[in-house]
Number of protein chains: 2
Amino acid sequence: MRRAKLNELDPATTVDKEDKILLGAMQEFLAHGYVATSMDRVAAAAGVSKATVYSYFKDKEGLFNALMSRLAQERIMDIELQLEPPELALRQLAETLIKKMESDHQFLGFLRLVIGESGRFPELAQMFLRNFAQIVIERLTSYLASRPELNLPDPEATARIFLGSALYFIVTQELLHGKEIIPIHRDRIVDGLMHLILGSKNHG
Amino acid sequence: MRRAKLNELDPATTVDKEDKILLGAMQEFLAHGYVATSMDRVAAAAGVSKATVYSYFKDKEGLFNALMSRLAQERIMDIELQLEPPELALRQLAETLIKKMESDHQFLGFLRLVIGESGRFPELAQMFLRNFAQIVIERLTSYLASRPELNLPDPEATARIFLGSALYFIVTQELLHGKEIIPIHRDRIVDGLMHLILGSKNHG
DNA sequence: GTCTATAGATCGATAGAC
DNA sequence: GTCTATCGATCTATAGAC
């Protein structure tokens, strides 16, 4: 079955044991990372005994992988791109993307975990790329490629610069707590991107 | 005293105890992260007893902070920007920056650690921003601002897009093991950046 | 100063009662 | 199925010998 999205479940009213455990695991893993999370704390957060956790999942790594692939599947990122005009579509995409990421503390914890554990769990990193990066890159690339008036010799490279700028903003401002060290407003990145992609024709 | 750079020390011939310990700590922390690194393994890697480690550093967190601030200070990043012509200066900067980062496994481990532990050690993240990001942003910003022919309404935003694209490349290709999932060659990012910044005037 | 040995806590994982 | 209780390993940190 498993219709409910983990993020939308209420820890107090969830009855399904597996979901309860995954909810507790999500809370602990996203907050403290893989190694610093203990199965005792997961069990306590889930409201079950540790033995029950082990009856549903083989071991700590199995629980972690189950949680991460569930989270990645539930939150596969997709983007909407209206067709006209490109100026508006691209600006809206950049704004929506950044706003969504920076307001979603669960996603920020997920991102930190994926990067932080990318040495220990390379397959987790690659799953993240498949479910979050790849689709968005392809969508944006084909959109840019379908707009010859933008005069982009390499739409995919442009798409990656576009998305990379959004990632840079999130990493420096949110993950690395850079708001007081190297602050910058979201709009300036978006406007800068728009100016670069659309060329100087729209600017004085 | 402390003249020697940690990275250039030979573990076999280093006699200073503090440096030996920091060398062992560097090896363990960069490879396994903060929590997964034990003081026993640090002592073994350093070739001293655990008690000796504690006689030089108050506790695990103190050792970690000492190591990280030493690494950050030793490797403060700076960039060289030749003045003319901007096309060449910017291209060379992007190439050098990416090549340096992707070939420096110690830096990649450092970056992974900083991001992964940015929840537990926010001051570490901010130290990283001060020593690696801030200076480069300022340098590149003032260079871009001194080139009115580039017609950039917001040089700092452009500098961040520029540097963010390099960071994006490193994070996706190296840290997240994306070379087989979403591969792209460094040159395409660099060329794409050049095309965007220099405008369409240089491209057919 | 540097070591060995160990205390005290916590870890992942499991046995056995119900 | 779910619990309590516990095992053996490992952790941080320190005491005490030399």
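We name chains A, B, ... by the order of the sequence lines, and we start the count at 1 in each one.
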Practice item. Send over the distance from B/Arg41 CZ to D/dC11 P, rounded to a whole Å. Key: 8 Å

Exercise for review: Go through C/dC3, C/dA15, D/dT12 for me and flag the one nearest to the B/Met39 side chain.
Suggested key: D/dT12

Check your understanding: Which of the following nucleotides, D/dA13, C/dT4, C/dG12, is nearest to the side chain of B/Tyr54?
Key -> D/dA13

Check your understanding: Is the number of heavy atoms from other residues, nucleotides or ligands under 6.0 Å of A/Arg186 CZ greater than 12?
Key -> yes

Study note, to complete from the structure: Rounded to whole Å, the OH-P distance (A/Tyr34 to C/dC11) equals 14 Å

Review point. So which heavy atom on A/Gly33 is nearest to which on A/Leu113, and how close?
Key: CA-CD1, 3.5 Å

Exercise for review: Looking only at side-chain atoms of A/Lys60, point me to the closest of D/dC3, C/dA13, D/dT12.
Suggested key: C/dA13

Study note, to complete from the structure: Rounded to whole Å, NZ of A/Lys50 lies from P of C/dG16 at a distance of 17 Å

Check your understanding: Is the B/Phe29-B/Phe110 ring centre distance short of 6.0 angstrom?
Key -> no

Check your understanding: Would you say B/Ser49 reaches C/dC3's phosphate, i.e. side-chain N/O to OP1/OP2 under 4.0 Å?
Key -> yes

Revision key, fill the gap. For B/Gln106 and B/Asn7 the tightest heavy-atom approach is OE1-OD1, 2.9 Å

Review point. Taking N and O atoms by type only, does the side chain of B/Lys17 place a donor or acceptor under 3.5 Å from a partner on the base of C/dG1?
Key: no

Practice item. Could you tell me whether A/Tyr56 contacts a base, only the sugar-phosphate backbone, or nothing, with contacts defined as non-hydrogen atoms closer than 4.0 Å? Key: sugar-phosphate

Exercise for review: Rounded off to whole Å, could you give me the CG-to-P distance for the B/Asp59 and D/dT14 pair?
Suggested key: 8 Å

Review point. According to a strict under-4.0 Å criterion, is B/Thr52 in side-chain N/O contact with OP1 or OP2 of C/dG1?
Key: no

Exercise for review: Please work out if B/Asp40 contacts a base, only the sugar-phosphate, or nothing of the nucleic acid, heavy-atom cut-off 4.0 Å.
Suggested key: base

Check your understanding: Of all the choices, C/dC11, C/dT4, D/dT12, which nucleotide is nearest to the side chain of B/Ser38 once you look at every atom?
Key -> D/dT12

